[in-house]
Visitor: 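Pasting in a structure now, in structure tokens, and then I'll have a few things to ask.
Both backbone and side-chain heavy atoms feed into the values below; hydrogens, waters and symmetry mates do not.
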Amino acid sequence: MSIQLTPFARTRLFPRTPRANTIQDITPEQFEQHLNAHVPYKVLDGYAPFCKLHVHRNWTSTRCLTVPITDDNRHQLRSAYEARTKEELPVLVRWFEGVEPPVAEYLVVILYSAEQMAKEGAPIEAEWGVVGCIYTAEPEEVPMAPITMMRNALGVEEGGSGVPIDRAAYARAVEFWDNNANWR
């Protein structure tokens with residue numbers, strides 16, 4: 001199986017100006033090489049047939065992506081309307097400022113098939129393209145954010161994948177994200 005880091009994921013996981021909440025200690029090229037050279041700890045099915053999740057033990061100092069919301073840190077939550085790319089519509093997002101999560105135990109790499117990447121207008125040379133990565137304490141997927149599910153349901157024209165919303169998965173995601181937030 002060949003894996004390629006997509007331009008979409010590269011800008012999010014390895015921004016030009018490094019941030020503490022992105023992948024640490026390695027270059028995009030080293031990340032891609034590692035994924036192609038090492039068998040994942042485990043493989044999970046994604047939210048659609050074209051999506052797979054490769055769980056790797058964290059070999060970097062990358063920190064967990066999410067932090068539980070508590071009475072002690074709720075005052076550190078921030079929100080704004082943001083778009084992931086220039087083409088997408090801004091949506092409401094929230095995050096913590098001023099918190100320091102633990103180093104992640106696992107990197108859960110989100111892969112889309114080459115066929116899906118072509119369908120979304122972003123063809124790749126490999127069999128699978130990295131579209132994201134979740135940094136977590138457990139070797140499991142963190143539920144997709146509800147807004148991402150909605151964007152996916154809007155279709156590729158709006159930056160999504162065209163997969164309709166699964167109401168049960170959406171309810172699980174709301175429960176998780178009501179009690180957790182990303183950080184910056």
Visitor: Honestly, is Arg184 close enough over Trp95, meaning NZ or CZ under 6.0 Å from the six-membered ring centre and within 45° of the axis?
Guide: yes
Visitor: May I ask you to decide whether Lys52 forms a salt bridge with Glu127, counting only side-chain N to carboxylate O separations under 4.0 Å?
Guide: no
Visitor: Do any N or O atoms from the side chain of Asp25 and from the backbone of Ser61 form a donor-acceptor pair under 3.5 angstrom?
Guide: yes
Visitor: Say you draw a straight line from OG of Ser161 to CE of Met117; how long is it, rounded to the nearest 0.5 Å?
Guide: 11.0 Å
Visitor: Going through the distances and angles, do Phe8 and Arg84 end up as a side-chain contact (heavy atoms from CB on, under 4.5 Å)?
Guide: CA-CA 9 Å; Phe8 175 79; Arg84 300 178 303 180; 3.8 Å; yes
Visitor: For residues Val142 and Ile69: do they belong to one hydrophobic cluster (side chain heavy atoms under 4.5 Å, members Ile, Leu, Val, Met, Phe, Trp, Tyr)?
Guide: no
Visitor: For the residue pair Glu138 and Thr136, what are the closest heavy atoms and their distance?
Guide: O-CG2, 2.8 Å
Visitor: Are side-chain heavy atoms of Cys51 and Leu111 found at a separation under 4.5 Å?
Guide: no
Visitor: Give me the atom names and distance for the closest heavy-atom approach of Asp72 to His75.
Guide: O-CE1, 3.0 Å
Visitor: Just do the side-chain contact (heavy atoms from CB on, under 4.5 Å) check on Asn21 and Asn182 with the steps written out, would you?
Guide: CA-CA 9 Å; Asn21 66 342; Asn182 291 327; over 6 Å; no
Visitor: Is there a donor-acceptor pair under 3.5 Å between the side chain of Asn152 and the backbone N or O of Ile147?
Guide: no
Visitor: With a 4.5 Å heavy-atom cut-off, do Pro28 and Leu5 have their side chains touching?
Guide: yes
Visitor: Determine whether a donor-acceptor pair (N or O, by modelled atom type, separation under 3.5 Å) exists between the side chain of Asn73 and the backbone of Gln76.
Guide: no
Visitor: Can you confirm whether Ser2 sits close enough to Trp128 that some side-chain heavy atom of one is under 4.5 Å from a side-chain heavy atom of the other?
Guide: no
Visitor: Leu13 and side chain to side chain contact (heavy atoms under 4.5 Å, CB included): which single residue from Thr62, Val131, Ile23 fits?
Guide: Ile23
Visitor: Salt bridge between Arg94 and Glu82, side-chain N to carboxylate O under 4.0 Å?
Guide: no
Visitor: Does any N or O in the side chain of His34 come within less than 3.5 Å of the main-chain N or O of Gln30, such that one atom is a donor and the other an acceptor?
Guide: no
Visitor: Stepwise, does the side-chain contact (heavy atoms from CB on, under 4.5 Å) test hold for His56 with Val109?
Guide: CA-CA 8 Å; His56 289 268; Val109 182; 4.2 Å; yes
Visitor: Please say yes or no: joined through hydrophobic side-chain contacts below 4.5 Å, possibly via intermediate residues, are Met1 and Ile124 part of one cluster?
Guide: yes
Visitor: Compare every heavy atom of Pro164 with every heavy atom of Ala153, then report the nearest pair and how far apart it is.
Guide: CB-CA, 4.3 Å
Visitor: Go through the steps to decide whether Glu29 and Gln33 satisfy the test side chain to side chain donor-acceptor pair (under 3.5 Å), and finish with yes or no.
Guide: CA-CA 6 Å; Glu29 294 74 24; Gln33 288 168 358; over 6 Å; no
Visitor: Evaluate the side-chain proximity of Leu44 to Val55: yes if any heavy-atom separation is below 4.5 Å, no if none is.
Guide: yes
Visitor: To the nearest 0.5 Å, what is the distance between CD on Glu87 and CD on Glu157?
Guide: 13.5 Å
Visitor: If I compare all heavy atoms of Arg63 with all of Glu100, which pair ends up nearest, and what's the gap?
Guide: NH2-OE2, 3.0 Å
Visitor: Before giving the answer on side-chain contact (heavy atoms from CB on, under 4.5 Å), spell out for His54 and Val108 the whole-Å C-alpha distance, their side-chain angles and the decisive distance to 0.1 Å.
Guide: CA-CA 6 Å; His54 280 199; Val108 181; over 6 Å; no
Visitor: Within the distance-only criterion (no hydrogens, no angle test), does the side chain of Ser79 pair as donor or acceptor with the backbone N or O of Val93 below 3.5 angstrom?
Guide: no
Visitor: Let me check something: do Tyr47 and Ile165 share a hydrophobic cluster, defined by ILVMFWY side-chain heavy atoms less than 4.5 Å apart, either directly or through other members?
Guide: yes
Visitor: Rounded to the nearest 0.5 Å, how far apart are CD of Glu141 and CD1 of Ile110?
Guide: 7.0 Å
Visitor: Would Arg57 and Glu105 count as a salt bridge (charged side-chain N to carboxylate O under 4.0 Å, His left out) if you check the C-alpha gap in whole Å, the side-chain angles of each, and the deciding distance to 0.1 Å?
Guide: CA-CA 6 Å; Arg57 288 196 181 276; Glu105 294 293 324; 5.2 Å; no
Visitor: How close do Pro101 and Cys64 get, counting heavy atoms only, and between which atoms?
Guide: CG-O, 3.5 Å
Visitor: Give the table of side-chain donor-acceptor pairs shorter than 3.5 Å for residues 171-181, with sequence neighbours excluded, one pair per line with atom names and distance.
Guide:
from	atom 1	to	atom 2	distance (Å)
Trp177	NE1	Pro143	O	2.7
Asn179	ND2	Glu175	O	2.8
Asn180	ND2	Phe176	O	2.8

Visitor: Indicate the ring-plane relationship of Tyr41 and Tyr106, choosing parallel, tilted or perpendicular according to the 30° and 60° boundaries.
Guide: tilted
Visitor: Do Met150 and Val91 sit in the same hydrophobic cluster, where Ile, Leu, Val, Met, Phe, Trp and Tyr count as joined when their side-chain heavy atoms come under 4.5 Å apart?
Guide: yes
Visitor: In plain terms, say whether Glu88 and Arg151 are close enough for a salt bridge, that is, a side-chain N and a carboxylate O under 4.0 Å apart.
Guide: yes
Visitor: Let me check something: do Trp183 and Leu107 share a hydrophobic cluster, defined by ILVMFWY side-chain heavy atoms less than 4.5 Å apart, either directly or through other members?
Guide: no
Visitor: Excluding sequence neighbours, so at least two apart, what forms ring-ring contact (aromatic ring centres under 6.0 Å, His included) with Tyr135?
Guide: none
Visitor: Please name the pair of heavy atoms, one in Ala9 and one in Gly132, separated by the smallest distance, quoted to 0.1 Å.
Guide: CB-N, 4.1 Å
Visitor: Arg78 side chain to Phe96 main-chain N or O, any donor-acceptor pair under 3.5 Å?
Guide: no
Visitor: If only side-chain N and O atoms count, and only distance matters, is there a donor-acceptor pair under 3.5 Å linking Asn58 with Thr60?
Guide: yes
Visitor: Quick one: pull up CG in Asn36 and CZ in Phe31 and give me the separation to the nearest 0.5 Å.
Guide: 10.5 Å
Visitor: Do Ile26 and Phe14 have side-chain heavy atoms sitting under 4.5 Å apart?
Guide: yes
